[in-house]
Amino acid sequence: MMLKAFLPKSEQRYAVMGAVIGALFPAVCIFYDAVIADVHGVWGSGMLAISLTSLIVMPLVCGLFFYQRGLAQSRLLEELELRRKTEENLSRVVHTDQLTGIANRVAMERDLRELLASGSMPIGRTALLMLDLDRFKFVNDSMGHDAGDALLVALGQRLIQAMSGIAAVYRLGGDEFVIVVAGSPSEGKLDDICATVKGLFAEPFQLSAAQFWTGGSIGVAYIEPDDRSISAVLKRAD
């Protein structure tokens, strides 16, 4: 930990380790010549001079070799980290609605497919709620598409805040949103969620310089163990 504080780069730590390893062999030779060989009366074998030279050269050579290895590994780790971040960013783009910033239909299909892939395995009665805005075409036609986009963004934010820790929210496309309640929610809980969503329309939406009141329709369907397609579940909710 202390070494990492003084040598933050991995190739620097590799170089130090290489220098230490490079110094071990000549140090052992010097110890042999100065102690063991002297005891047996064989001093002057020339090992001492060679060892002293090696004591300078070997740490440099090994340190440089280990530094290059550490540098190569550091570059490899940087490339792997860059690739991981790139894949994460691509995945985020693919699974995020670019207008509202919430999960999109691709993300919803991925999440629901994981449930349906379990086949006959008990998955509980996960519920899917489809929300369809009222008078959305009127907003686009009379106030412009910018106002329509602002309405979708504002509604998406309200849904995310209201459903935090309760359910997952997705934008299906157009003016349709989907709320997925995992597990086995009771009808009472679904009634409460629908009432919460209904309450989101109690306050007007600020669109450009005007306020706009709107409502929505909610369809509810359960994901059954024998469901094999997401389209069938969406169709029931619709």
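Because the structure is predicted, anything quoted here is derived from the model rather than measured.
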Worksheet item: To the nearest 0.5 Å, what is the distance between CG (D191) and NZ (K198)?
Response: 11.5 Å
Response to the item:
A237 and A221 have their tightest heavy-atom pair at N-CB, 3.6 Å
Practice prompt. Grab the two heavy atoms, one from L190 and one from A127, that are nearest each other, plus how far apart they are.
Written response: CD2-CB, 3.8 Å
Worksheet item: Looking at residues at least two apart in the chain, or sitting in another chain, which of them share a side chain to side chain contact (heavy atoms under 4.5 Å, CB included) with T196?
Response: A162, M163
Worksheet item: So how far is it from I166 CD1 to K189 NZ, rounded to the nearest 0.5 Å?
Response: 7.0 Å
Discussion item. Give me the atom names and distance for the closest heavy-atom approach of P185 to Y222.
Written reply: O-OH, 3.5 Å
Discussion item. As a quick check of understanding, evaluate side-chain contact (heavy atoms from CB on, under 4.5 Å) for L112 and V233, giving each step before the final call.
Written reply: CA-CA 10 Å; L112 293 182; V233 183; 5.7 Å; no
Practice prompt. Would you check if L131 and L159 make a side-chain contact, meaning some heavy-atom pair closer than 4.5 Å?
Written response: yes
Worksheet item: Sequence neighbours excluded, which residues qualify as side chain to side chain contact (heavy atoms under 4.5 Å, CB included) partners of D134?
Response: T214, S217
N/O donor-acceptor pairs under 3.5 Å from side chains in residues 168-182, not counting sequence neighbours:
from: Y170; atom 1: OH; to: D111; atom 2: OD2; distance (Å): 2.6
from: R171; atom 1: NE; to: G174; atom 2: O; distance (Å): 3.2
from: R171; atom 1: NH1; to: D97; atom 2: OD1; distance (Å): 3.2
from: R171; atom 1: NH1; to: D97; atom 2: OD2; distance (Å): 3.3
from: R171; atom 1: NH2; to: G174; atom 2: O; distance (Å): 2.9

Worksheet item: Got a sec, which residues hit salt bridge (charged side-chain N to carboxylate O under 4.0 Å, His left out) with R135, two or more places apart in sequence or on another chain?
Response: none
Worksheet item: Where is the tightest heavy-atom contact between W213 and F201, given as atom of each residue plus distance?
Response: CD1-O, 4.5 Å
Worksheet item: Which side chain to side chain donor-acceptor pair (under 3.5 Å) pairs, counting each pair once, include a residue from residues 139-159, with sequence neighbours left out?
Response: K137-D141
Discussion item. Suppose we screen for side chain to side chain contact (heavy atoms under 4.5 Å, CB included). Which residues come up paired with Q98, at least two apart in sequence or across chains?
Written reply: V93, T96
Response to the item:
CD (E187) and SG (C194) are apart, to the nearest 0.5 Å, by 11.0 Å
Worksheet item: How long is the span from the NE2 atom in H95 to the CG atom in N104, to the nearest 0.5 Å?
Response: 7.0 Å
Worksheet item: Roughly how far, to the nearest 0.5 Å, is the CG atom of L234 from the CZ atom of R105?
Response: 5.5 Å
Worksheet entry | From OG1 (T100) to CG (L155), nearest 0.5 Å | 9.5 Å
